[in-house]
Amino acid sequence: MSILAISALQRSFVSPDGERKLIVDVPKFSLEVGEQIALRGESGSGKTTFLNLIAGILTPDSGSIRIGERDMAALSEPARDRLRAENIGYIFQVFNLLQGYSCLENVLLGMAFGSGADLSRATAMLERVGLGHRLQHSPRQLSTGQQQRVAAARALANRPKLVLADEPTGNLDHKNAREALSLIRETCRENGAALLLVSHDLEVLGAFDNVRDFMELNRALKETKS
Ligand SMILES: Nc1ncnc2c1ncn2[C@@H]1O[C@H](COP(=O)(O)OP(=O)(O)OP(=O)(O)O)[C@@H](O)[C@H]1O
């Protein structure tokens with residue numbers, strides 16, 4: 001059974017010279033329940049745009065994006081926000097943590113949009129990522145690797161069925177990157193969540209059995225290159 005099924009997905013942007021450019025043109029892509037796929041692709045190839053479309057942060061020009069039974073692309077903005085909050089955990093390239101709030105509040109706020117803030121679950125998630133002693137710290141008092149773990153705890157706290165991770169280890173050293181990747185993958189397995197992870201780090205990609213080349217998936221790139 002698919003948790004994610006994409007068909008005939010297209011999205012363009014108007015570039016600074018006023019020309020409309022097709023950035024994402026993915027005829028088909030799917031992810032099964034609990035499946036883990038890594039997407040490899042060059043910088044600027046449209047990977048973040050692709051993840052933002054799946055998350056309903058961006059809307060497509062055309063095509064469908066089924067999350068379980070529902071088409072993200074056909075929903076109103078509030079309905080998209082709800083579908084995302086209930087089903088998707090997004091670990092951003094930049095962690096998007098709220099600096100005015102503690103680590104615990106960051107996780108609780110993330111949960112509040114979905115199934116609801118649950119103090120014991122938020123605390124357990126931060127303990128799970130090794131930050132049980134940092135609950136009341138502000139993100140700016142943490143190292144980059146620790147902030148990344150707060151972002152992972154926030155994305156995973158609601159037990160989403162689909163986790164999107166955009167270069168989640170890009171800002172980390174080797175040791176922290178390896179630990180963060182294992183943590184994300186294990187937590188997805190424990191929760192039965194599917195994982196779609198974008199990276200150009202060969203060590204990260206090497207950890208996955210299933211690596212797809214975004215250059216192959218995205219027809220917009222083939223057209224630009226030919
Ligand atoms: N809001 C926007 N308006 C105009 N162009 C955009 C917009 N967002 C992205 N683009 C363009 O779309 C292309 C793909 O960007 P995107 O961020 O999806 O690439 P990426 O593969 O994630 O890159 P990276 O690996 O460097 O993060 C780029 O050429 C970018 O300039």
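A quick note: this is a predicted structure, and the numbers were derived from the prediction, not measured. Numbering of ligands and ligand atoms starts at 1, following listing order. Along the sequence shown, residues are numbered consecutively beginning with 1.
What you find for Ser45 and Gly41 is that their closest heavy atoms are OG-C, 3.8 Å. Pairing each heavy atom of Leu22 with each of Ser12, the nearest pair is CA-CB, 3.9 Å. Here the closest non-hydrogen pair linking Pro139 and Gln99 is CB-OE1, 3.5 Å.
For His174, the NE2 atom sits in a loose shell: 12 or fewer heavy atoms of surrounding residues, nucleotides or ligands are nearer than 6.0 Å.
Note that CZ of Arg154 is 5.0 Å distant from CG of Leu97, once rounded to the nearest 0.5 Å.
Protein residues lining ligand 1, listed by chain and number: Phe13, Val14, Ile23, Glu42, Ser43, Gly44, Ser45, Gly46, Lys47, Thr48, Thr49, Gln93, His200 [non-hydrogen atoms, distance under 4.0 Å].
Under 4.0 Å is where a charged nitrogen must lie from a carboxylate oxygen, and between Glu86 and Arg70 no such pair does.
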